[in-house]
Amino acid sequence: MRQSQLFTKTRKEIPSDETSKNAELLIRAGFIHKEQAGVYSILPLGLMVVSKIKQIVSEEMKSVGSTELLMSSLQSKELWEKTDRWNDEKVDVWFKSQLKNGTEVGFGWSHEEPITSLMTYHVKSYNDLPVYVHQFQNKLRNEVRAKAGIMRCREFIMKDMYSYSTNEEEHMNFYNKTIEAYKKVFERVGLGGNTFVTSASGGVFTDKFSHEFQTICDAGEDNIYVHKDGKLALNEEVFNDKTLADLNVEKSDFEMKKAAEVGNIFTFGTKKCEELGLYFNDSDGEKKGVFLGSYGIGITRLMGVLAEVFSDDKGLSWPKEVSPFHVHLVRLGVNGTTVSFADKVYDDLKSNGFTVLYDDRDLRAGEKFADSDLIGIPVRFVISDKTVAEEKIEVKKRKESESEVVSLDVALKNL
RNA sequence: CGGAGUGUAGUGUAACGGCUAACAUUCCUGUUUUGGGAACAGGCGACUCUGGGUUCGAAUCCCAGCACUCCGACCA
């Protein structure tokens, strides 16, 4: 798109009410807008990043056999009472309201209950299982304290996936496939090297262990212990003598790191489905409870982690896979030849299937470069009165300081 | 939810209890400029978070509320 049509403005000044790097940069560059503490609107550039992340997650979820749906945000009290999770003493993040007639409703902070209830209408037999579904949805959680920019919000986008299996073995098969799929997600968004699968407690979800995906990041809220082999990692909450003994490892082989939880997976077992009346008839005619698993990735939090990890003193620096555009085409100068050449390159890039942010504004070079660095598209093409004579383009990568002047054909190889 | 701090043009800051609340930036007009956030001139923009109180006089002091940030507790 033409940058002259992008309504968002960049800011030089750091917002005084933000101290986290992710929020500072994302706000300054025009990716998000703060509405309240822990509540952010997503602006066009931010939405492009969110869409890229969603696309990657969606592809990987589909690769393990999940189909996408979209649950409602308003939820009924009765369902959550069946599993004893309506009570504010049990779940303290509920936002609740009531209908005009006094009926109480909750705003979805998670969807195990409603989606399991939904499944009772569709799952009757072992022939109907397994079922894997996921959605991208705005979760509402009444966090006592929002913090760290978009890392912990009261409203945020989450991918949640649910698996319904006939037995534990079938469940574990999917669970393990999902671990691999999650690893691919984090590799694809550029965080493969610093994201660890860690064992953690199940929290309010389950009595069993769960697995978290933790990305090493100063803005994170968790402390994890990474084993020197680089493969095993444990959350602080389960880093104790018993766990170490169970795993047969030495405490001294671990190093503590600050990390942000970008994904997690839980095994529920059959209890919740039984509480909500989700049973199936097995091949021998026996009625059995369905085996449930739950799998989350915080999409907006992931954007925050990406901003934290991929940025420098000049601004954001997106990995190629999640950048809002493939290339930032910066035009310097307004003489006719330069403009028409830049317009042509813009059209050529688009027709080659690339997404382009075309800085067609009549501003000085310094301001354009500063904006370009701040927004952080990985590749910049500069067209100016200097380069236009030979119909060349100056290519500069966001992470590098040198640039080269080449023809369009050569420049394309950088994308 | 405990503790600490901060609320002044869109943004970032200043102003001893005392003149029309200042400066920078953004934005608007114009001139000149055009490879790292240009220069000059003019202009718009603030009931100083809200409500009380002290005082001849409050952005400034006091109280309450609200908002925001940080620390802790909590936490997918």
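In what follows, chains carry the letters A, B, and so on, assigned in the order in which the sequence lines appear, proteins first and then strands, with residues in each chain numbered from 1.
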Quiz item: In whole Å, what separates the C1' atom of B/A67 from that of B/U8?
Solution: 15 Å
Self-check item: Shortest side-chain distance from A/Lys12, nucleotide among B/C75, B/G35, B/U25
Solution: B/U25
Quiz prompt | Complementary nucleotide of B/A64, counting Watson-Crick and G-U pairs under 3.5 Å | solution = B/U50
Quiz item: Is there a donor N/O on one and an acceptor N/O on the other, under 3.5 Å, for the side chain of A/Glu367 and the base of B/G37?
Solution: yes
Self-check item: Whole-Å distance separating the CD atom of A/Glu35 from the P atom of B/C68
Solution: 12 Å
Quiz item: Which part of the nucleic acid, if any, lies within contact of A/Asp371, taking any heavy atom under 4.0 Å across all strands shown: a base, the sugar-phosphate backbone alone, or nothing?
Solution: base
Quiz item: How would you label the contact of A/Lys139 with the nucleic acid (heavy atoms, under 4.0 Å): base, sugar-phosphate, or nothing?
Solution: nothing
Quiz item: Using the P atom in both, what is the distance from B/A39 to B/C56, to the nearest Å?
Solution: 49 Å
Exercise. Establish, with yes or no, whether the OP1 or OP2 oxygen of B/U69 is under 4.0 angstrom from a side-chain nitrogen or oxygen of A/Thr19.
Key: no
Quiz prompt | Spacing of A/Ile150 atom CD1 relative to B/U69 atom C1', expressed in whole Å | solution = 17 Å
Quiz prompt | With A/Gln214, the side-chain hydrogen bond (donor to acceptor under 3.5 Å, both in side chains) member among A/Asp222, A/Asn194, A/Thr195 | solution = A/Asp222
Quiz prompt | Salt bridge flag under 4.0 Å for residues A/Lys258 and A/Asp218 | solution = no
Quiz prompt | Closest to the A/Thr10 side chain, choosing from B/G37, B/G35, B/C70 | solution = B/G37
Practice problem: Using the P atom as the reference point in each nucleotide, state the distance between B/A21 and B/C70 in Å, no decimals. | Solution: 34 Å
Exercise. Return the 5'-most residue of the pair A/Glu13, A/Ala148 with respect to RNA chain B, ranking by each residue's nearest nucleotide.
Key: A/Glu13
Quiz prompt | Base-pairing assignment for B/G42 (Watson-Crick or G-U wobble, both under 3.5 Å) | solution = B/C28
Quiz item: With under 30° as parallel and over 60° as perpendicular, where do the rings of A/Phe136 and A/His134 fit, or are they tilted in between?
Solution: perpendicular
Self-check item: Distance (rounded to the nearest 0.5 Å) between A/Lys344 NZ and A/Leu408 CG
Solution: 6.5 Å
Exercise. Go ahead and name the base partner of B/U69; Watson-Crick or wobble counts if both distances stay under 3.5 Å, otherwise write none.
Key: B/A4
Quiz item: What does A/Arg331 touch in the nucleic acid at a heavy-atom separation under 4.0 angstrom: a base, only the sugar-phosphate, or nothing?
Solution: nothing
Quiz item: Out of B/C68, B/G35, B/G37, which has the shortest distance to the side chain of A/Thr387?
Solution: B/G35
Quiz item: Starting at NZ of A/Lys147 and ending at C1' of B/C75, how long is that distance when rounded to a whole Å?
Solution: 10 Å
Quiz item: Which nucleotide in the list B/U69, B/U11, B/U34 gets nearest to the side chain of A/Arg11?
Solution: B/U11
Quiz item: Between A/Lys272 and A/Glu112, is there a side-chain N and carboxylate O pair less than 4.0 Å apart?
Solution: no
Self-check item: Which nucleotide in B/A73, B/G36, B/G37 has an atom nearest any side-chain atom of A/Val144
Solution: B/A73
Exercise. Kindly assign one of parallel, tilted or perpendicular to the pair A/Tyr346 and A/Tyr358, based on the angle between their ring planes and the thresholds 30° and 60°.
Key: tilted
Quiz prompt | Distance, C1' atom - from B/A9 to B/A22, rounded to whole angstrom | solution = 12 Å
Quiz item: For the pair made of CG in A/Leu332 and P in B/A38, what is the distance, rounded to whole Å?
Solution: 13 Å
Quiz item: Contact class for A/Ala370 (heavy atom, under 4.0 Å): base, sugar-phosphate, or nothing?
Solution: base
Exercise. On the 0 to 90° scale, with breaks at 30° and 60°, tag the A/Trp109-A/Trp94 ring pair as parallel, tilted or perpendicular.
Key: perpendicular
Self-check item: First of A/Glu18 and A/Ile14 reached from the 5' end of RNA chain B, by closest nucleotide
Solution: A/Ile14
Self-check item: A/Arg364 CZ - B/G37 P separation (whole Å)
Solution: 8 Å
Practice problem: Please measure how far the C1' atom in B/U13 lies from the corresponding atom in B/C71, and state the result in whole Å. | Solution: 26 Å
Quiz item: Under a 3.5 Å cut-off for both distances, is B/A14 Watson-Crick or wobble paired, and to whom?
Solution: none
Practice problem: Take atom C1' in B/C1 and the same atom in B/U48, then report the distance between them in whole Å. | Solution: 32 Å
Exercise. Spell out yes or no: do the side chain of A/Arg145 and the base of B/G72 have one donor N/O and one acceptor N/O closer than 3.5 Å?
Key: yes
Quiz item: Closest to the A/Ala365 side chain: B/G36, B/G12, B/G35?
Solution: B/G35
Exercise. Scan A/Phe213 against the nucleic acid and name what it touches under 4.0 Å (heavy atoms): base, sugar-phosphate only, or nothing.
Key: nothing
Exercise. For A/Thr338, answer base if it contacts any base atom (sugar-phosphate contacts may also be present), sugar-phosphate if it contacts only those atoms, and nothing otherwise; contact means non-hydrogen atoms under 4.0 Å.
Key: nothing
Self-check item: P atoms of B/C68 and B/U11, separation to the nearest Å
Solution: 15 Å
Quiz prompt | Nearest-Å distance for atom pair CG/P, residues A/Asn142 and B/C1 | solution = 10 Å
Self-check item: Nearest-angstrom distance, P atom, B/G51 to B/G72
Solution: 36 Å
Quiz item: With no angle test and no hydrogens, is the base of B/G36 tied to the side chain of A/Arg380 by a donor-acceptor pair under 3.5 Å?
Solution: yes
Quiz item: Base, sugar-phosphate alone, or nothing: which one does A/Asp373 contact when heavy atoms must sit under 4.0 Å apart?
Solution: base
Quiz prompt | Between B/C68 (P) and A/Arg152 (CZ): distance, integer Å | solution = 16 Å
Quiz prompt | Whether A/Tyr175 and A/His171 hold their rings parallel, tilted or perpendicular, with breakpoints at 30° and 60° | solution = tilted
Quiz item: Starting at CD of A/Glu143 and ending at C1' of B/U69, how long is that distance when rounded to a whole Å?
Solution: 17 Å
Quiz prompt | Heavy-atom donor-acceptor pair, A/Ser16 side-chain to B/G12 base, under 3.5 Å | solution = no
